[in-house]
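Notes to accompany the following structure.
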Number of protein chains: 2
Amino acid sequence: MRSNFLFLDTIINKVDAKGRVSLPSDYRAIVKETSSEIVCYRSLTSPCIEGCLEDLLDKLATEIETSTDFFSQTQDDLTNLIFGDAKRFPFDSTGRIGLTEKLLKHANITDTAVFVGKGRKFQIWNPENWEKEEARIRAEVLKNRPVLRPAPKEENK
Amino acid sequence: MRSNFLFLDTIINKVDAKGRVSLPSDYRAIVKETSSEIVCYRSLTSPCIEGCLEDLLDKLATEIETSTDFFSQTQDDLTNLIFGDAKRFPFDSTGRIGLTEKLLKHANITDTAVFVGKGRKFQIWNPENWEKEEARIRAEVLKNRPVLRPAPKEENK
DNA sequence: TTGCATCCCATAAAATCCCATGTTATACCA
DNA sequence: TGGTATAACATGGGATTTTATGGGATGCAA
């Protein structure tokens, strides 16, 4: 009975010859509360796979509906890209999912996958690429520290 | 909804061969009110481990969601950095948590850990490093804030 | 049938639990 | 006030469970 929805930590797992990989048990525990499958799609901006609960995509759909025009090119493009690419991945009794060629290729993953928690979602990376990416982010954040103080909330939009 | 709690004091505990260390009982008492686990991550700026309640991360998640754009690079970077590094550490019936190699290495901790209260958070240090850090902080404060002692009003007791 | 995906079992490694014991802090009593 | 009994806490080590992962069996579709 926890409403905690945070994918955390960085976990390295093997991908076997069949494309199967264990979903980290922490992640499984979260997912299990509402279903037995996750949704994955190719990241729009990085060479990695993104995963989340179907919930999030649902919210995103609503979000896109309210913040872009129904007939806009933007709405068209976003919905095509995101929902056209996303796919459900049920995990088996041992907690594994079977990733597709398309996804693995996009992330350049062969035999090892790195799961990176992102709060409401997570990413799956090729180990070397993630190493570089993490270094880049750390350098970036240290250089210009973002402001994270609670800003006065605005009621518009 | 609790808001009046503070991690205080400085406590030294042993880290055993399995990486286990007792969470100071004062800290445990605080945590127990809402859960049985804490969240730890590598400090971004110091060679130490930071710990807090999951609440704090959850707030942060919401915060980031509302103050940056869903598709922005900033949101991406921040969530990767924060949630990718943080991990839940449940404590067992005797009150111990099992720290990971990654964290211990970052803080240079081998067989002894120093817990330092920081209010809503706390830090875990290698003893020697903490000693130096504390001295540094004290020196810094003395140098930059020479007026720490308002002139004593009439002596009495 | 052949190829592909899922299911099931086996096993090794790692994380966790549980009991025993030493140590420190607190309570109680004379 | 001092000294002892009691409880709380910290810590060590072994037992148990969970998790990750390989491989084979099974079922379905083309």
Side-chain angles (χ1 to χ4, degrees), chain A residues 2 7-33 35-40 49 51 87-105 109-117 122 124-127 130, chain B residues 7-33 35-41 49 51 86-105 109-117 122 124-127:
Chain A
R2 35 181 317 188
F7 293 106
L8 299 179
D9 204 6
T10 296
I11 295 104
I12 301 174
N13 279 345
K14 290 271 175 66
V15 179
D16 70 16
K18 302 178 188 174
R20 295 178 304 181
V21 59
S22 287
L23 198 65
S25 71
D26 275 10
Y27 291 16
R28 237 150 48 205
I30 293 174
V31 180
K32 265 189 191 157
E33 289 182 21
S35 79
S36 65
E37 57 187 23
I38 57 170
V39 172
C40 291
I49 303 167
K87 177 174 164 59
R88 296 189 186 86
F89 291 87
F91 45 83
D92 64 24
S93 61
T94 64
R96 280 181 291 199
I97 56 176
L99 294 171
T100 62
E101 258 316 306
K102 185 173 80 172
L103 290 177
L104 291 173
K105 198 170 167 193
I109 294 171
T110 55
D111 60 354
T112 309
V114 181
F115 289 79
V116 183
F122 60 89
I124 312 176
W125 286 77
N126 158 303
W130 169 243
Chain B
F7 293 109
L8 297 178
D9 204 2
T10 298
I11 292 103
I12 301 174
N13 280 344
K14 290 270 176 67
V15 179
D16 71 16
K18 299 179 187 174
R20 294 179 303 182
V21 59
S22 287
L23 197 66
S25 70
D26 277 7
Y27 291 16
R28 236 179 315 167
I30 293 173
V31 180
K32 265 190 192 157
E33 291 185 20
S35 80
S36 65
E37 57 188 21
I38 57 170
V39 171
C40 290
Y41 52 93
I49 302 166
K87 177 172 165 57
R88 295 189 189 84
F89 291 89
F91 45 82
D92 63 25
S93 59
T94 65
R96 281 181 292 196
I97 56 175
L99 294 171
T100 61
E101 261 311 308
K102 185 172 84 172
L103 290 178
L104 292 172
K105 199 171 165 193
I109 294 171
T110 55
D111 60 356
T112 310
V114 181
F115 289 79
V116 183
F122 60 88
I124 313 176
W125 286 78
N126 158 303

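Letters go in sequence order (proteins before strands), and every chain restarts at 1.
Taking atom CG of residue A:L103 and atom P of nucleotide C:dA5, one finds them 13 Å apart after rounding to whole Å. What separates CG of B:D92 from C1' of D:dT18 is a distance of 16 Å, to the nearest Å. Distance, B:R88 CZ to C:dT16 C1': 17 Å, rounded to whole Å. Between B:F89 atom CZ and C:dT16 atom C1' there is a gap of 14 Å when expressed in whole angstrom units. Regarding B:F91, its CZ atom lies at a distance of 15 Å from the P atom of C:dC18, rounded to whole Å. Whole-Å rounding puts the B:E101 CD to C:dA14 P distance at 11 Å.
Of the residues in residues 109-116 of chain A, none lies under 4.0 Å from DNA chain D by heavy-atom distance. The stretch residues 7-17 of chain B comes close to DNA chain D through B:N13, B:K14, B:D16, each having a heavy atom under 4.0 Å from the strand.
Side-chain contact between B:I97 and B:V21: present, with at least one pair of heavy atoms (C-beta onward) separated by less than 4.5 Å. The closest side-chain heavy-atom distance from B:V114 to B:I124 is not below 4.5 Å.
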| task | List the steps and the verdict of side-chain contact (heavy atoms from CB on, under 4.5 Å) for B:L23 and B:I38. | result | CA-CA 10 Å; B:L23 197 66; B:I38 57 170; 3.9 Å; yes
| request: Under the side-chain contact (heavy atoms from CB on, under 4.5 Å) rule, what do B:T10 and B:F115 come out as? Steps first, then yes or no, please. | output: CA-CA 5 Å; B:T10 298; B:F115 289 79; over 6 Å; no
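Below 30°, between 30° and 60°, or above 60°: for A:Y27 and A:F7 the angle between ring planes is above 60°, a perpendicular geometry.
When heavy atoms are screened at a 4.0 angstrom cut-off, A:L23 is found touching the sugar-phosphate backbone but no base atom.
Side-chain proximity of B:R28 to the nucleotides C:dC8, D:dG14, D:dC9 is greatest for D:dC9. With distances taken from any side-chain atom of B:S25 to the nucleotides D:dG24, D:dG13, D:dA10, the minimum falls on D:dA10. Side-chain proximity of A:R96 to D:dG12, C:dC9, D:dA20: nearest is C:dC9. Distance from the side chain of B:T94 is smallest for C:dC19 among the nucleotides D:dA10, C:dC19, C:dC7.
For A:K18 against D:dG22, no side-chain N or O and base N or O form a donor-acceptor pair under 3.5 Å.
No donor-acceptor pair closer than 3.5 Å links the side chain of A:D9 to the backbone N or O of B:K87.
Separating the CG atom in A:L103 from the CD1 atom in A:I49 is a distance of 4.5 Å, to the nearest 0.5 Å.
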